[in-house]
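Computation of the quantities below employed the complete heavy-atom set of this structure, encompassing side-chain atoms and omitting hydrogens, waters and symmetry-equivalent molecules. Numbers here simply count residues along the sequence, with the first being 1. In this text the structure is predicted, and so the values were computed from the model without any measurement.
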Amino acid sequence: MSMMMIYDRSCRFRGEVIISYRNAIDLVTVAARAASMRGVSLAEIEQVLERDYRTAQRVIRALGQCFPELEKVKDEESDKARWKLPYKSVAPLLAPTPEEMAALSLALDMLGKGAGKDQVEALRCLHAKILALIPDDRSRRLAADEEALFMALGHAARPGPRQLGRETVDVAISTALKGTSQLRILYRGWKDTVARERVVAPHGLLLGARRYLVAVDLGKVGGGIQHFRVDAIEEATVLPQSFVRKEGFDLNAHAERCFGSYQQEGGIHDVAWRFAPKAVRWAEGFLFHPSQTTEREPDGSLVVRFRAAGLLEMCWHLYMWGDAVEVISPPELVQMVAAHQRSDFPSMP
């Protein structure tokens with residue numbers, strides 16, 4: 001049984017026309033809910049499908065005709081009716097497609113080139129569990145189709161240099177993040193000749209060209225959020241002591257303050273870049289920062305504006321554009337890129 005059995009104006013299950021239905025996908029959605037541990041109520045159907053009460057009643061009737069094993073039970077908390085289906089009844093409907101499995105494999109491949117080994121292993125286990133839940137005959141066909149799609153996607157090659165990590169450090173960071181535990185790290189910053197011991201309160205992990213642990217150095221009085229390069233952490237030990245996260249801290253909001261994953265001291269800047277007409281076609285294909293705005297100028301050039309920290313990573317990126325980009329602001333960035341713009345790059349990023 002598959003989604004291909006559902007037609008535009010009627011739903012055919014087990015060879016019979018059950019009901020004329022405007023959107024048969026809704027029926028599958030409700031069937032999945034009914035197969036959950038708690039089942040589904042009419043009120044929940046109204047909410048999930050954004051339909052009225054009478055439509056919810058029709059859906060339940062159609063569901064009962066499609067699945068005779070549908071059971072009506074009383075909710076012990078609200079004393080209202082709920083409907084339940086055995087999971088095995090809808091399992092074939094919920095089997096993943098080759099496209100979905102290929103997307104999962106692609107994510108696994110990309111994650112393996114930028115995340116911790118523990119996260120990669122968790123995703124690999126999820127992939128295996130999904131395949132194990134699918135009947136053998138379908139599983140073999142699915143695996144073959146997934147492999148073909150994955151090969152066509154080029155294995156998410158992501159050529160170029162990348163940082164190598166330490167599995168023990170990755171596991172320690174993951175454990176500390178899950179348990180809000182303090183973390184003792186042996187850290188060697190780029191200015192340090194030897195690694196120094198620090199005790200930090202990990203608040204998150206930023207993934208990019210490099211991985212950074214977002215944490216508070218508990219050895220600093222009134223310490224704020226800092227970034228520690230994961231590849232510069234030589235050892236990491238989870239401590240039994242817990243910590244209280246900084247009030248109001250939001251990792252997504254924090255990440256949006258940065259141009260990349262690195263953030264040096266100096267605060268946030270109002271940034272403006274002007275791309276020459278010859279580079280506009282490529283520049284329009286980039287999202288340089290979530291807060292960016294763009295404007296076209298009369299000569300055809302493109303001005304991109306955003307507000308962020310991370311001038312050093314901006315320099316690293318701007319170098320790839322050669323002389324096709326001009327820094328308008330801030331003045332500090334203007335000085336940093338001066339005399340480093342080339343005119344002989346054969347292509348745009």
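- Taken together through direct or relayed side-chain contacts under 4.5 Å among Ile, Leu, Val, Met, Phe, Trp and Tyr, L183 and F243 form parts of separate hydrophobic clusters.
- The shortest non-hydrogen separation linking R82 to S41 is NH1-CB, 3.9 Å.
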What do the steps show when you test D231 against R229 for salt bridge (Lys or Arg N to Asp or Glu O under 4.0 Å), and what is the final call? CA-CA 5 Å; D231 63 291; R229 281 181 57 161; 2.8 Å; yes
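- Both I60 and V48 sit in one connected hydrophobic cluster of ILVMFWY residues. Membership requires side-chain heavy atoms under 4.5 Å apart, directly or through other members.
- A distance of 9.0 Å separates CG of L63 from CD of E69, quoted to the nearest 0.5 Å.
- When all heavy atoms of L213 and P202 are compared, the pair lying nearest together is CD1-CB, 3.8 Å.
- A salt bridge does not link K80 with E44: every distance from a Lys NZ or Arg NE/NH1/NH2 to an Asp or Glu carboxylate oxygen is 4.0 Å or more.
- Follow the hydrophobic side-chain contacts under 4.5 Å out from L85 and you reach L49 in the same cluster.
- For Q57, the CD atom sits in a packed shell: over 12 heavy atoms of surrounding residues, nucleotides or ligands are nearer than 6.0 Å.
- A search for side-chain contact (heavy atoms from CB on, under 4.5 Å) contacts involving V337 returns C315, L318, V327, L333, not counting sequence neighbours.
- For W273, the ring-ring contact (aromatic ring centres under 6.0 Å, His included) criterion is met by F259, F288, F306, not counting sequence neighbours.
- A distance-only check finds no donor-acceptor pair linking the side chain of S181 to the backbone of T175 [under 3.5 Å].
- Inter-residue side-chain proximity for V59 and L42 is flagged as unmet; no heavy-atom pair is nearer than 4.5 Å.
- Evaluation of the salt bridge (charged side-chain N to carboxylate O under 4.0 Å, His left out) test over residues 315-327, restricted to residues two or more places apart or in two chains, returns R274-E326, K278-D323.
- For P349, the side-chain contact (heavy atoms from CB on, under 4.5 Å) partners at least two apart in sequence or on another chain are F286, M320, W321.
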Using side-chain contact (heavy atoms from CB on, under 4.5 Å), reason through R58 and R51 one step at a time and then give a plain yes or no. CA-CA 11 Å; R58 289 198 296 270; R51 306 290 176 85; over 6 Å; no
Test log, rule side-chain contact (heavy atoms from CB on, under 4.5 Å), inputs Q292 and L287: CA-CA 8 Å; Q292 78 175 38; L287 177 65; 3.7 Å; yes
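- The OG1 atom of T193 sits 6.5 Å away from atom CZ of R188, with the distance rounded to the nearest 0.5 Å.
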Please assess T29 against D26 for the test side chain to side chain donor-acceptor pair (under 3.5 Å), listing each intermediate value before the final yes or no. CA-CA 5 Å; T29 301; D26 289 349; 4.9 Å; no
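- Counting only residues at least two apart or in different chains, salt bridge (charged side-chain N to carboxylate O under 4.0 Å, His left out) contacts with residues 336-349 comprise R342-D344.
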After noting the C-alpha distance and the side-chain angles of V325 and Q341, does the key distance pass the side-chain contact (heavy atoms from CB on, under 4.5 Å) rule? CA-CA 9 Å; V325 62; Q341 293 176 299; 4.2 Å; yes
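- Both M314 and M348 are assigned to one and the same hydrophobic cluster, defined by single-linkage of ILVMFWY side chains at heavy-atom distances under 4.5 Å.
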Walk me through it: do I225 and V216 pass the test side-chain contact (heavy atoms from CB on, under 4.5 Å)? CA-CA 5 Å; I225 293 290; V216 175; 3.7 Å; yes
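- Of the possible donor and acceptor atoms, none in the side chain of R211 sits under 3.5 Å from a partner among the backbone N and O of V230.
- Here the straight-line distance linking atom CG of L186 with atom OG1 of T237 works out to 9.0 Å at 0.5 Å rounding.
- Around CZ of R33, the count of heavy atoms belonging to other residues, nucleotides or ligands within 6.0 Å does not exceed 12.
- Across A195 and E234, no two heavy atoms sit closer than the pair CB-OE1, 3.6 Å.
- The nearest pair of heavy atoms linking A172 to V238 is O-CG2, 3.4 Å.
- By the criterion of side-chain heavy atoms lying less than 4.5 angstrom apart, applied directly or through intervening Ile, Leu, Val, Met, Phe, Trp or Tyr residues, M336 is grouped together with F275 in one hydrophobic cluster.
- Between the E297 side chain and the L302 main chain, no donor and acceptor come within less than 3.5 Å of each other.
- Between the side chain of H269 and the main chain of V271, no donor-acceptor pair closer than 3.5 Å is present.
- Of the inter-residue distances, the one linking E295 atom CD with S301 atom OG reads 9.0 Å to the nearest 0.5 angstrom.
- Rounding to the nearest 0.5 angstrom, the gap separating the NZ atom in K72 from the NZ atom in K84 is 15.0 Å.
- Closest heavy-atom contact between L70 and A34: CD1-CB, 4.5 Å.
- For Y187 against H227, the heavy-atom pair with the smallest separation is OH-O, 4.4 Å.
- With sequence neighbours left out, F249 forms a ring-ring contact (aromatic ring centres under 6.0 Å, His included) with H203, H254.
- Here R196 contributes atom CZ and I185 contributes atom CD1; the two are 10.0 Å apart, rounded to the nearest 0.5 Å.
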